[in-house]
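Just so you know, these numbers come straight off a predicted model, no measurement behind them. Nothing fancy with the numbering, it's 1 onward along the sequence.
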Amino acid sequence: MERYRKKDMLQTVDTLLRANDAIVKTAASNPKGVAEALVQCQESAIALGTYIDTLDERFALLVHTLEDYCENIYQMGESLSDENRCRKVSKKIKKQLTSLQNGIKYDLPDDKKEVVFLPYKASMWDSLESVWKAADEDPNCDAYVIPIPYFDKNPDGSFREEHYEGDLYPEYVPITRYDEYDLEERRPDVIYIHNPYDECNHVTSVHPYFYSKNLRNFTDKLVYIPYFVLNEIEPDDQARIDGMKHFCFTPGTIYAHRVVVQSENMRQIYINEYMKAAKEMELSGEHIDRKFLGKKFLGIGSPKVDKVLNTKKEDLKLPAEWKKVIEKPNGSWKKIIFYNTSVSAILVHDENMLKKMESVFECFKENKDTVALLWRPHPLIQATIESMRPQLWEGYKKLRERYIAEGWGIYDDSADLDRAVGISDAYYGDQSSVVQLCEEAEMPVMIQCL
């Protein structure tokens with residue numbers, strides 16, 4: 001069923017009023033066109049009445065008014081050859097529609113905002129969660145979490161397996177299936193996304209229907225919030241900016257009406273790099289208008305940081321197999337080291353990265369009585385290797401399987417990054433967005449080198 005906002009209802013009634021005036025003026029000269037217009041008016045009235053009937057019994061009078069209007073539309077059709085009778089019916093219709101207009105304007109409550117969240121990987125949900133919680137708790141807002149499907153890519157860029165992770169979200173998050181919510185029909189007030197790449201990612205792709213350039217057509221406010229948190233950079237540190245500037249000019253940053261980044265410094269960097277990239281592509285208008293971009297980019301913080309800071313170790317539920325690794329014979333806990341391996345390290349170092357991982361595992365295995373290793377690879381690492389470094393897959397797979405089978409450490413491929421951060425005492429591993437989260441949690445950090 002079509003969703004009507006209050007302004008949509010008033011616009012529909014205004015259209016019916018204008019149609020009523022036009023019908024009277026052209027009834028004699030264009031009876032066929034008028035007959036078609038009457039049918040359209042009746043269909044619009046029925047659709048509007050059907051929607052209002054779903055709201056509340058208090059608004060039954062508005063529905064009855066529309067029913068009476070439909071009856072008068074029929075009478076108008078029967079009166080087209082009688083000018084006087086036609087004008088009388090037209091006056092009744094005008095009175096009915098004016099009453100309906102006032103009833104909608106003054107009796108119906110103001111619209112609730114409809115806000116939609118479109119995550120694709122459950123492990124990245126923390127980049128949207130605190131915003132969703134605020135919307136969900138707002139009585140003037142209807143919030144929908146709609147996980148969307150995504151595909152792994154083959155080396156040639158074609159789609160491989162399709163994935164849908166709607167069953168991996170926390171129990172307290174109500175999930176709506178993507179095929180049960182019609183974005184085009186409902187036109188939500190706001191759509192939030194955390195995937196900015198559209199077709200430009202070499203490893204995965206959300207379903208093309210959910211590309212940002214298409215979503216922009218279904219809302220007046222498409223908001224992109226990055227799924228990652230970067231190490232803070234000063235806006236004049238161009239050497240470090242060059243290492244992250246590719247994030248600043250993507251389909252998500254281009255097509256979103258608003259882009260939320262982690263800090264004011266990062267906001268300035270995004271604006272500067274966006275303008276440079278736009279000029280290189282010879283774009284004009286809003287793309288190089290600093291005042292416009294100043295409103296587009298907001299440096300108000302990352303929900304990922306909110307999630308980490310609000311995660312309490314004592315509230316976390318750990319799997320039994322994790323506890324076997326963590327607990328000492330006397331019941332106390334070993335020190336837990338969060339070991340993170342990134343996509344970029346595999347792509348840069350190839351076989352040397354696998355050798356490094358193997359040596360790390362051997363070191364921690366020797367110290368397993370006092371230290372527990374929690375290995376959490378990047379959630380896209382398998383898809384990345386299969387797509388971009390297929391020659392490494394068998395070696396990586398054997399290394400992973402041996403680590404899991406030996407059972408002296410924890411292997412975490414769950415969607416819950418914050419649990420891993422929450423229970424860990426220190427971070428060791430590759431440079432990645434997880435580092436910034438660990439630092440926010442005041443955790444010691446050591447970056448591995450090859």
Side-chain angles (χ1 to χ4, degrees), residues 121 123-124 127 150 152-157 160 194-197 199-205 226-233 237-250 252 262 266 269-270 273 277 304 337-364 373-403 409 411-413 417 420-421 426-439 444-450:
K121 285 199 70 66
S123 59
M124 299 174 181
S127 62
Y150 68 95
D152 294 330
K153 281 187 171 182
N154 292 308
D156 64 359
R160 196 166 66 241
H194 64 192
N195 172 56
Y197 301 117
E199 72 278 9
C200 299
N201 192 329
H202 297 296
V203 177
T204 62
S205 171
Y227 63 86
F228 52 83
V229 178
L230 300 172
N231 289 330
E232 281 297 317
I233 305 173
D237 189 347
Q238 193 60 46
R240 292 182 65 197
I241 290 171
D242 286 344
M244 55 72 63
K245 64 183 181 181
H246 56 283
F247 292 122
C248 303
F249 196 75
T250 63
Q262 66 197 57
M266 203 61 71
I269 292 169
Y270 265 76
E273 297 305 316
K304 291 180 74 71
I337 308 301
F338 185 145
Y339 181 50
N340 175 51
T341 51
S342 70
V343 165
S344 59
I346 283 281
L347 295 178
V348 171
H349 300 292
D350 294 334
E351 290 88 352
N352 288 333
M353 181 61 187
L354 300 185
K355 293 177 182 177
K356 174 66 177 181
M357 291 166 58
E358 189 168 20
S359 69
V360 169
F361 293 153
E362 286 301 317
C363 177
F364 278 95
L373 185 69
L374 189 157
W375 176 31
R376 185 179 171 88
H378 189 284
L380 293 177
I381 203 162
Q382 178 174 338
T384 300
I385 294 174
E386 290 178 333
S387 175
M388 303 181 71
R389 297 292 187 274
Q391 73 277 12
L392 299 181
W393 173 240
E394 284 302 319
Y396 179 86
K397 183 181 177 184
K398 288 179 182 177
L399 187 62
R400 183 185 66 183
E401 289 176 348
R402 186 168 76 244
Y403 174 85
Y411 179 73
D412 181 14
D413 62 350
L417 165 64
V421 174
Y427 174 95
Y428 176 67
D430 298 324
Q431 185 66 261
S432 80
S433 62
V434 180
V435 170
Q436 184 72 13
L437 294 178
C438 291
E439 290 178 342
V445 169
M446 180 180 289
I447 305 302
Q448 72 176 355
C449 57
L450 274 72

- Between F361 and W375, does the ring centre distance come in under 6.0 Å?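 Close enough - the centres of the two rings lie under 6.0 Å apart.
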Which heavy atom in [X] sits nearest to a heavy atom in [Y], and how many Å separate them?
| X | Y | result |
| --- | --- | --- |
| F364 | I337 | CE2-CG1, 3.8 Å |
| D350 | L392 | CA-CD1, 3.7 Å |
| C248 | M244 | SG-CE, 3.9 Å |
| I447 | Q431 | CG2-N, 3.9 Å |
| L354 | G395 | CD1-C, 4.1 Å |
| P226 | Y270 | CG-OH, 4.2 Å |

Rounded distance (nearest 0.5 Å) linking atom [atom1] of [X] with atom [atom2] of [Y]:
| X | Y | atom1 | atom2 | value |
| --- | --- | --- | --- | --- |
| E401 | Y396 | CD | OH | 11.0 Å |
| I385 | I346 | CD1 | CD1 | 4.5 Å |
| K245 | D242 | NZ | CG | 4.5 Å |
| Q391 | E351 | CD | CD | 6.5 Å |
| S433 | H378 | OG | NE2 | 6.5 Å |
| L230 | M266 | CG | CE | 5.0 Å |

- N195: what forms a side-chain contact (heavy atoms from CB on, under 4.5 Å) with it, not counting sequence neighbours?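 side-chain contact (heavy atoms from CB on, under 4.5 Å) list for N195, sorted by chain: Y120, Y197, V206.
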Is the shortest heavy-atom distance from the side chain of [X] to the side chain of [Y] under 4.5 Å?
| X | Y | answer |
| --- | --- | --- |
| P377 | Y411 | yes |
| L417 | K304 | yes |
| M353 | Q448 | yes |

- Query: For residues Q262 and E232, is any side-chain donor paired with an opposing acceptor at under 3.5 Å?
  - Reply: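 Present: a donor and an acceptor within the cut-off.
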So, does [X] use its side chain to make a donor-acceptor pair with the main chain of [Y] at under 3.5 Å?
| X | Y | result |
| --- | --- | --- |
| K153 | S387 | no |
| T384 | L380 | yes |
| H202 | M388 | no |
| D430 | S342 | yes |

- Give me the one residue out of D413, D412, N340 that meets side chain to side chain donor-acceptor pair (under 3.5 Å) with R376.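 Between R376 and the candidates, side chain to side chain donor-acceptor pair (under 3.5 Å) is satisfied uniquely by D412.
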- Does the side chain to side chain contact (heavy atoms under 4.5 Å, CB included) test come out yes or no for V360 and T341, once each step is laid out? CA-CA 11 Å; V360 169; T341 51; over 6 Å; no
- What's the verdict on ring-ring contact (aromatic ring centres under 6.0 Å, His included) for F228 and F247, showing C-alpha distance, side-chain angles and the deciding distance? CA-CA 10 Å; F228 52 83; F247 292 122; 4.3 Å; yes
- Report the C-alpha distance between N231 and R240 in whole Å, list the side-chain angles of each, state the deciding distance to 0.1 Å, and finish with yes or no for side chain to side chain contact (heavy atoms under 4.5 Å, CB included). CA-CA 10 Å; N231 289 330; R240 292 182 65 197; 3.7 Å; yes
- Item | side chain to side chain contact (heavy atoms under 4.5 Å, CB included) assessment of E358 paired with R402 | CA-CA 10 Å; E358 189 168 20; R402 186 168 76 244; 2.9 Å; yes
